[in-house]
Amino acid sequence: MKATLVANLTQAWQTLHQQGLLPDPNPERIEVVSTKDPKHGDYACNLALVLAREANLNARDLAEQIIQNLPENPDLLSTEVAGPGFINFQLRPEAKAEIVDQVLSQATNYGTRPPGSEQRILIEYVSANPTGPLHVGHGRGAALGSCLARILEAAGHTVECEYFINDAGRQMDILAISVWLRYLELCGEPVIFPEAGYQGDYILDIAADCHRTRGDVWRASFENIRAGAPDDGPDEDGHNMYLDFLILRTRDFLDETIWTELASVAVDTLLERIRRDLDHFGASFDYWQSERELLDDGKVEQTIAQLREAGHLYELEGALWFRSSEFGDEKDRVVQRSNGQWTYFATDIAYHADKMARSYGTAINIWGADHHGYAGRVRAALQALGIDPERLEILLVQFASLYRGKQKISMSTRSGEFVTLQSLQHEVGQDAARFFYVMRKSDQHLDFDLQLATEQSVDNPVYYVQYAHARICSILERAKDEEINIPEDPCDLSPLTDEGERALQKQLSRYPDAVLRSAQEREPHHLTVYLRKLAQEFHAYYNAVAVLVDELPVCQARLRLIMAVRQTLGNGLNLLNIDAPESM
RNA sequence: GCGCCCGUAGCUCAGUGGAUUAGAGCAUCGGUCUUCUAAACCGAGGGUCGCAGGUUCGAGUCCUGCCGGGCGCGCCA
């Protein structure tokens, strides 16, 4: 309907253009909106207000002229000028009711665009370091990414998802030493565990596994390893020299293959668990890209060589720097340390260059807000490589602070203090957890109160929406029991005259916009807001009007209406990967 | 100090440059189950949209400055 109105308005604009009153028509400037207040009709357009200035005309007069030149539209009851110069369209009741048949005939496709009609998009999300289990802080990215993937698909994009595994660098050494020291303890060695090692219980589990399968073969004397080590704890610069010392000595002591195996056993175990948790959470991935592999395949060297050839690198104090400041970054960045090792930034450049070369129109990264300073340098690198940095979208997700009542829970992977995503799902449930995560704008801080989510889970808005769906199913079930003929095909909808029925029809017609807007803005919360509104209108209607009435034509029209509501609720919940239950 | 995000009801938050009256939920108070599920509905109270300017037909929404909060500013990942 909106599209038809835009077409009508374009035609009127064209006529006025030929009369020399208006500039060339541009349909993109025509904004038709669904009105909030029924007094303003069903749709409103501000075109006259927008053009009044450049046409040098009074807005109301111009609106009148536009209306004079609109073509016949049989769906319209009235078209009038209102307020300062709005054009309000009032639909005929039959035209409004069409939405019900439209929803039901399109069924699961209602609100979607044809698959593959838009861009090909890669979403990279979560990508948590494989040094510990996922915790509630990762949940927000997981929920956002997986919802966005579905929403973008519904909007006609072709979407693939990727997890970048940071399985290289210093953190792998810390992981390996942490596991190995716990292993030594199991062998009976007295160990002084560094405070900067990974403290979590999951390290013990991995160590126990190693000890069970391998016995004492990796054992060494801790006393020998530790000989000459500095005291545990951070120095003035915050570095833990004790930890570094242990890592160095151990790598000397143990065969390199054992060291590598230690790290890979730990990473594999943790990744397995991460995969499982994400799967249970409803987040799935097409690709798992390893950082290690990029290094081993020489991709990093290649990409850096490319930068060097283009003259974007220089040496300073033994390190290799990238002139990112010439591409809008705050300052230049090191890509290769003076000890010859690549920085994480170097592998990340290679990763992004590789990603952008894989024929995606757009790549979306979902990052925690603490990485925001990083966006500039990655974009700078892409630009230096001749890749349009606009093709990389970086969505920053603000942190979720976790509370148990008024008590804030601080989390850190290293200290082992955190609430895992798994336990959150266990306590709150997948549906509520996902809904809770995406119901706020992602650039908004989120307070996640475990107490509220568990103790008062009945007040959680997700149940409100699901309940509406279940109630409709229940009515339909009852109708079947009473052998009322449930109309499978369009029937006469003229009995739908109640205010609540009009409101529901209007709300149904807004669904495609909610999906599209969520997709365009990369903000699933528009969809949650929409679903709550639709559920609210249904609950109000339910309490005001009985569906199963004796008068068959009325009853059937109402059944069609609530079936359309059920379909739309189900479609929306499905995009959030939340269950639409038939009973509760 | 510099950069990014945020500031809307007691609390948590929606709000697409639009319409005499800025909306939800929670919390508070008062009503509604012999009826299709009361996990629901109806109603009441509660606001200088952080402050001050500016842009324009029109600003919670855009711009500038200030105040307050969060995060980031490594040859860590």
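Per chain, numbering begins at 1; letters A, B, ... match sequence-line order. All heavy atoms count here, side chains included; hydrogens, waters and symmetry mates do not.
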Side-chain donor/acceptor of R440(A) to backbone N/O of Y437(A), under 3.5 Å: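 No; zero donor-acceptor contacts below 3.5 Å.
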Could you tell me whether [X] contacts a base, only the sugar-phosphate backbone, or nothing, with contacts defined as non-hydrogen atoms closer than 4.0 Å?
| X | value |
| --- | --- |
| N88(A) | base |
| R517(A) | base |
| A546(A) | base |
| F345(A) | nothing |
| N46(A) | base |
| A544(A) | nothing |
| V547(A) | base |
| E477(A) | nothing |
| S583(A) | base |
| A319(A) | base |
| V465(A) | nothing |
| A470(A) | base |
| K441(A) | sugar-phosphate |

Between H239(A) and L396(A), which is nearer to the 5' end of RNA chain B once each is assigned its nearest nucleotide?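 Taking each residue's closest nucleotide, the earlier one in sequence belongs to L396(A).
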Determine whether any donor atom in the side chain of [X] lies under 3.5 Å from an acceptor atom in the base of [N], or the reverse, and answer yes or no.
| X | N | answer |
| --- | --- | --- |
| S474(A) | C36(B) | no |
| H539(A) | C41(B) | no |
| H371(A) | G72(B) | no |

Identify whether the glycosidic angle of C13(B) places it syn (within 90° of 0) or anti. anti
Do T131(A) and Q171(A) have side-chain atoms, one donor and one acceptor, less than 3.5 Å apart? no
Of the non-hydrogen atoms in Q507(A) and Y530(A), which two are nearest, and what is the gap between them?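 Closest heavy-atom pair between Q507(A) and Y530(A): O-OH, 2.6 Å.
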Using Watson-Crick and G-U wobble pairs whose two distances are both under 3.5 Å, how do you write the pairing of RNA chain B as dot-bracket, with | for links to another strand? (((((((..((((....[....)))).(((((.......))))).....(((((..]....))))))))))))....
Does CD in Q430(A) sit with more than 12 non-hydrogen atoms of other residues, nucleotides or ligands closer than 6.0 Å? yes
Take a 6.0 Å sphere around NZ of K506(A) and say whether it holds more than 12 heavy atoms from other residues, nucleotides or ligands. yes
Measuring only the [atom1] atom in each nucleotide, how far is [N] from [M]? A whole number of Å is fine.
| N | M | atom1 | answer |
| --- | --- | --- | --- |
| A44(B) | A9(B) | C1' | 15 Å |
| G15(B) | U8(B) | P | 14 Å |
| G65(B) | C2(B) | P | 11 Å |
| C26(B) | C67(B) | P | 39 Å |

Parallel, tilted or perpendicular, as decided by the 30° and 60° cut-offs, for the rings of H371(A) and W367(A): tilted
Would you call the rings of F345(A) and F322(A) parallel, tilted or perpendicular, taking 30° and 60° as the class edges? tilted
Is the shortest side-chain N to carboxylate O distance from E523(A) to R517(A) below 4.0 Å?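 Result for this pair is no, no salt bridge flagged.
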Picking from C41(B), C75(B), A38(B), the nucleotide nearest the side-chain atoms of Y542(A) would be A38(B)
Taking CZ from F86(A) and C1' from U20(B), how many angstroms apart are they, rounded to a whole number? 13 Å
